[in-house]
Every structure is written in C-alpha cells, then in structure tokens.
Amino acid sequence: MIKHGSGGTALVIPEQRPWRSPTGHVSVEVTRAGQLQLARALDGDELFVARIHSHPAEAFHSPADDANPVLTHEGALSIVVPFFGLGLRRGLEACAVLRREPTGWRDLTPGPGRDRWIRTADGSGR
Ligand SMILES: [Zn+2]
C-alpha cells in the first residue's frame, strides 16, 4: 500500500501469507497482523492512495480485487503487476492500472488518460 499525507509518501508492506489451493489456484492473504499494521500505519491526515500487487500470469482486476475493502475512496489507484512482479521489468505499461470512481474500478489504459494519474520516477508515467 502507498500512503500519502502532509508528511510525504511512503510504501507500507503488511505481513502476508501465500496460499495455493489443491487445484493450483494461488493467492496472497494479508494476515490479521498485517491488517493491524495497515491500520496503525496511518497518521492524522494520511490516506492509502494506491495498492500494488502481483498476479502469477496476466495483470487484471479480479472479483476479489474489486471487493477488497482497503481502498474504496474515489481517486484511489490499484496497480496489478503480471508474472509474479517480473512484469515490472517491462515498465508500467505491462501492468493493469485502475482508478476508483463512484461506480467502481475503471481500467486506465496506457496513454495520456493514465499518465494524468500516474507519474513514475523518471516522470514518464510508463
Ligand atoms: Zn489481484
């Protein structure tokens, strides 16, 4: 999770546990301790503004991602990195980037519409 407030911007990585079902489905669960870490991470005016996580293959927002209660405010960003995070080697264009709007999560396709909301360290948004 990425938090932002008057003190600046910071990355918060909560405790997580990987999980694989007998059918091979994989997921990562934020543990109860991790949930408490997230709750304690915010100071007065801070807010979680973005979430970044990875999928084993393609980058997309799953129904579980849509239902995640951590980010529900308008303007929040959700970034999904493909191939267990290795997709970041191809830059942000390989990732799914979604913005929370009043009606739900909206996919931001690469280009000016996405660059309006995302800035990378090199300033390109890519
Ligand atoms: Zn996901």
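Order of appearance sets the numbers: ligands from 1, and atoms from 1 within every ligand.
L38 and L42 end up in the same hydrophobic cluster when Ile, Leu, Val, Met, Phe, Trp and Tyr side chains are linked at under 4.5 Å. Hydrophobic clustering (ILVMFWY, side-chain heavy atoms < 4.5 Å, transitive): F48 and L77 are in distinct clusters.
Under the side-chain hydrogen bond (donor to acceptor under 3.5 Å, both in side chains) test applied with T31, the options R17, Q16, E15, Q37 reduce to a single match, E15.
For the Zn ion (ligand 1), the N/O/S atoms of H53 include one lying under 2.8 Å.
The Zn ion (ligand 1) sits nearest to atom NE2 when only the N, O or S atoms of H55 are considered. Take the N/O/S atoms of D65: the one nearest the Zn ion (ligand 1) is OD2.
Judged by distance alone, the side chains of H53 and N68 never bring a donor and an acceptor atom under 3.5 Å apart.
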